[in-house]
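Counting from 1, the numbers follow the sequence of the chain as shown. Just so you know, ligand 1 is whichever comes first in the structure, and atom 1 is the first atom listed for that ligand. Here the structure is a predicted model, which means the values were calculated and not measured.
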Amino acid sequence: MKFLPLIGLATMLLAPPSYANDQVLEQALRQELDTHFLQDKIDSIDENDLSIREDLGESWINNSKQHELEVIRDGIDQLGHLMLGTYVVENSPVLATNLADEVTGGHQDYRILRDAHPKGHMCVNAAFEVLENDFFPKESFLGSTGRHQAIVRYSNASASPQSDADKDIRGGALKVLLPEQGQEHDFLMITAPTIPTDNAEQFVNLVKVARVANCIGIIPEGESDGSLLGAIADFEQQVVALGQCIRDGGLSILDVPQVLLALKRVNDLNKDSEIESLLDKDFFSVAPYAYNDNVFKFEMSPVSCDEFNPEPSLLTAEEANADNGLERNISRVISAGNACYDFNVISRPLFLTDKQAIETHNKTWDEMAFYELERVKVATVSISQFEPGTAVSPLACDNMTFTPRHSAPGFRPLGSLNRARTLVYDALADFRLEANTYLRQR
Ligand code: HEM
């Protein structure tokens with residue numbers, strides 16, 4: 001880790017705030033963190049980090065490995081800067097916290113948050129119990145009955161922490177501990193069955209737009225007064241805003257139709273997400289995975305536990321309106337007992353093309369198959385009742401890394417989004433942890 005070049009900056013930070021020009025300080029800090037903790041992550045990724053299994057239906061974006069590598073590097077750069085807010089225009093809702101205030105205000109707890117799912121509700125202890133099933137062979141940990149210790153980190157997906165009373169996709173990151181194999185297996189899920197983009201390039205384009213303030217708000221909402229002139233004025237405003245987004249976001253004009261469609265899907269997914277207890281939500285892998293040659297997706301669906309929990313999971317009116325209502329809801333319920341989910345898998349329907357099954361993420365396999373596919377229950381997830389002294393602290397929870405790369409032997413994330421995630425999560429989690437260690441030590 002490269003601390004030496006930061007000493008000059010640290011001296012500047014320790015100077016009385018009255019001598020510091022907030023904006024210069026903020027820019028300097030971001031520049032330092034970027035140079036010393038982010039850029040080497042981007043440079044260290046090369047072709048050897050990427051491979052595909054064509055026999056399972058994977059294909060490179062634009063049929064070019066080199067192109068996909070560039071997209072992933074660009075993604076780490078874009079997402080990393082999103083975390084720092086470096087290129088975010090003033091007052092952007094994307095900027096999670098005012099860095100200058102944090103630095104000059106003497107807060108010692110400033111931390112760079114995850115760029116996605118920054119707001120964690122809490123990490124809870126759980127048991128992951130593998131059931132007798134024919135889906136996985138005995139040599140796989142999902143085919144061999146047994147009870148494993150696990151942790152779930154619940155989160156909001158939005159790029160900046162916001163009130164739980166706002167509609168949002170939520171995240172459920174499940175870490176199954178496999179100490180006998182010296183391993184962890186992470187299952188990353190969200191409460192939507194699809195995401196708005198099919199490949200990493202489209203996803204990175206969305207991130208570019210997200211870095212420019214208010215672009216999300218340009219989607220036509222039909223808010224004009226209904227007159228022809230009103231509609232034309234609305235349209236003109238949207239064209240101007242769009243031009244600004246394209247220029248500031250570094251997008252090509254050719255990307256615009258795809259980006260607009262993806263933005264519309266983002267809005268639709270958010271609008272459709274009900275504000276409910278996370279203990280009552282279904283969670284989806286969205287992307288496909290393989291165990292050897294067997295391709296599947298996974299889901300987690302709420303069920304009643306065998307042991308009755310007297311505390312209802314339904315949000316109370318107070319919880320539904322509170323900024324941290326989801327955390328309060330989980331605390332209330334698991335203070336009284338366990339909360340349970342079934343862990344189900346879906347087999348790849350063979351009649352879907354490789355493109356549909358492996359490289360499409362804005363439609364579910366059910367939607368493409370035109371019927372609900374069979375789910376096979378292979379495990380249960382039981383969120384453990386609170387026991388004094390066993391809670392995962394918020395800092396430990398924040399410092400944890402969940403990534404599709406944490407996989408037991410034989411498992412493999414599939415598809416463009418997963419290939420990008422496997423590299424992006426590692427790079428950005430390391431960046432976040434290294435930069436935070438520096439910020440906390442100064
Ligand atoms: C299949 C669709 C996806 C799902 C289900 C998903 C799910 C999640 C979840 C649950 C988290 C929170 C993890 C935690 O609690 O630590 C997360 C974090 C994150 N996601 Fe995704 N995600 C998806 C797609 C993507 C894509 C395509 C990218 C970018 C290429 C991305 C970038 C990130 C990053 C950078 C983090 C924060 C990682 C960290 O700093 O530890 N995600 N994702």
Kindly indicate, with the supporting measurements, whether the criterion salt bridge (Lys or Arg N to Asp or Glu O under 4.0 Å) is fulfilled by D293 and R53.
-> CA-CA 10 Å; D293 295 345; R53 278 201 54 185; 2.6 Å; yes
Where ligand 1 meets M189 - atom numbers and elements under 4.0 angstrom, heavy-atom basis = 10 (C)
Any idea which of F284, Y154, Y425 brings a heavy atom closest to atom 43 (N) of ligand 1?
-> Y425
Answer yes or no: does an N/O atom from R114 fall short of 3.5 Å to an N/O atom of ligand 1?
-> yes
Under 4.0 Å from one or more heavy atoms of L417, ligand 1 contributes atoms 27 (C)
Below 4.0 angstrom from a heavy atom of S285, which ligand 1 atoms are there? Numbered from 1 as shown, please.
-> 1 (C), 5 (C)
Report the member of F203, F431, F402 with the shortest heavy-atom distance to atom 28 (C) of ligand 1.
-> F203
Identify the residue among I76, T197, D74 that makes a side-chain contact (heavy atoms from CB on, under 4.5 Å) with V204.
-> D74
Step by step, would you call L315 with L326 a side-chain contact (heavy atoms from CB on, under 4.5 Å)?
-> CA-CA 8 Å; L315 289 178; L326 294 179; 4.1 Å; yes
Knowing that exactly one of Y291, F402, F128, F411 qualifies, which makes a ring-ring contact (aromatic ring centres under 6.0 Å, His included) with H185?
-> F411
Filtering R421, Q78, R432 for the heavy atom nearest atom 23 (C) of ligand 1 leaves R421
Show which atoms of ligand 1 fall inside a sub-4.0 Å distance from at least one heavy-atom site of L428.
-> 35 (C)
Does the distance from a Lys or Arg side-chain N to an Asp or Glu carboxylate O, for D43 and R73, drop under 4.0 Å?
-> no
Whether L188 lies under 4.0 Å from ligand 1, heavy atom | yes
So, E434 and H36: side-chain donor and acceptor under 3.5 Å apart, yes or no?
-> no
Please say whether R153 places an N or O atom under 3.5 Å from an N or O atom belonging to ligand 1.
-> yes
Ring centres of F298 and Y289 under 6.0 Å apart?
-> yes
